[in-house]
Amino acid sequence: MKSIDGASRSVREINQIIRGLIADGEDEILVRNPGARHNLAVAILKDVAITIDGPVGYYAGGMSDGVRLTIRGSAGWGVAECMLSGTVVVDGDAGNGAAASIRGGTVVVRGDAAARAGIAMKGGLLVIGGDTGYMTGFMMQRGRIIVCGNAGPALADSMYEGTVFVGGEIAELGNDAVVSEATPAEHAEIGETLACFDVKGPGAFRKVVSGRKLWNYDKKELDAWKAAL
């Protein structure tokens, strides 16, 4: 494993070294002393394992396709935003917009996630080991979110497609979101997923999906449209 010391380097320098090592054929890279810098390990388009030993700032791992990123600490806003494929694991908490607009891959936040986690997801999987803030799953179009703890207000607001599983309390459902019990098969799949990433979850989950009232405009649903807009 090749190691990079970020203590005296800029974000540009760290990312340039990462790209240089990947070009040389390295498939395991360790970044030490990240100093909570923003935009680390972004747009990595290779199947490479990158470990950042410490907290990171905004947008770590964003716009990547194939990266296997582990963050040994917490992450700021937008971790793994717009990821196409790969895996991003955050050992701590995550700021606003974790896994926003991802199209595939898996994002795991072992701790809590702040507001708007998984918004506009177009595929992939987001696992939150703790609680999540308001508007999680907002305008989600496809994919799955698993929340082991509690969910804040406006959960799955204006969600088009996709599924949100919540193990704890739901403060408030968002516009056009409906809740039901997860099936035994879904519980089994959730259990396998959590075990794969060594995340502890509750014994049961509720399932939140779109009520589909906003799929097509209907004057009968005017109040729902007003709330969404």
Using a 3.5 Å distance criterion without hydrogens, assess whether the side chain of [X] forms a donor-acceptor pair with backbone atoms of [Y].
X	Y	result
Glu172	Ala154	yes
Ser74	Pro55	no
Thr136	Thr132	no
Lys46	Ile44	no
Asp112	Asp131	yes
Asn150	Val166	no
Asp157	Asn175	yes
Ser64	Met83	no
Glu186	Thr183	yes

Test: [X] and [Y] ion pair at under 4.0 Å:
X	Y	value
Lys2	Glu28	no
Asp53	Arg32	no
Arg212	Asp176	no
Glu13	Arg37	no

Minimum heavy-atom distance between [X] and [Y], given as atom pair plus value:
X	Y	result
Tyr58	His38	N-ND1, 2.8 Å
Gly167	Pro202	CA-CG, 3.5 Å
Val208	Ala156	CG1-CB, 3.9 Å
Ala171	Gly152	CB-C, 3.7 Å
Val199	Gly129	CG1-CA, 3.8 Å
Asn39	Asn15	O-ND2, 2.9 Å

Hey, any chance [X] and [Y] share a hydrophobic cluster, counting ILVMFWY side chains that come within less than 4.5 Å of each other, even indirectly?
X	Y	value
Trp77	Met121	no
Leu40	Leu30	no
Val179	Ile128	yes
Val48	Val56	yes
Leu194	Leu126	no

To the nearest 0.5 angstrom, please state how far the [atom1] atom of [X] sits from the [atom2] atom of [Y].
X	Y	atom1	atom2	value
Thr87	Leu69	OG1	CG	9.5 Å
Leu84	Lys122	CG	NZ	11.0 Å
Phe138	Arg116	CZ	CZ	8.0 Å
Thr163	Leu125	OG1	CG	11.0 Å
Ile119	Ser158	CD1	OG	12.0 Å
Thr106	Arg68	OG1	CZ	13.0 Å

Is the number of heavy atoms from other residues, nucleotides or ligands within 6.0 Å of [atom1] ([X]) greater than 12?
X	atom1	value
Asp24	CG	yes
Glu169	CD	no
Lys207	NZ	yes

### side-chain contact (heavy atoms from CB on, under 4.5 Å) between Ile52 and Thr70, intermediate numbers included
CA-CA 6 Å; Ile52 300 179; Thr70 300; over 6 Å; no
### Task
Assign the ring pair Phe165 / Phe205 to parallel, tilted or perpendicular, where the plane angle (0 to 90°) is split at 30° and 60°.
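Perpendicular.
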I want to check something: taking the side chain as every heavy atom from C-beta on, are [X] and [Y] in contact at a cut-off of under 4.5 Å?
X	Y	answer
Ile4	Ile18	yes
Ile29	Thr51	no
Ile102	Cys82	no
Val127	Val107	no
Ile145	Met140	yes
Arg9	Ile17	yes
Asp27	Asp47	no

### Query
Do Arg206 and Glu181 pass the side-chain contact (heavy atoms from CB on, under 4.5 Å) test, and can you show the C-alpha distance, the side-chain angles, and the key distance before you say yes or no?
CA-CA 5 Å; Arg206 283 179 289 173; Glu181 295 300 320; 3.7 Å; yes
### Task
Go through Thr193 and Arg144 one step at a time and tell me if the side-chain contact (heavy atoms from CB on, under 4.5 Å) criterion holds.
CA-CA 11 Å; Thr193 299; Arg144 289 185 303 149; 4.3 Å; yes
### Task
Could you give me the CA-CA distance, side-chain angles and deciding distance for Ile71 and Asp91, then say whether side-chain contact (heavy atoms from CB on, under 4.5 Å) is met?
CA-CA 6 Å; Ile71 299 166; Asp91 283 342; over 6 Å; no
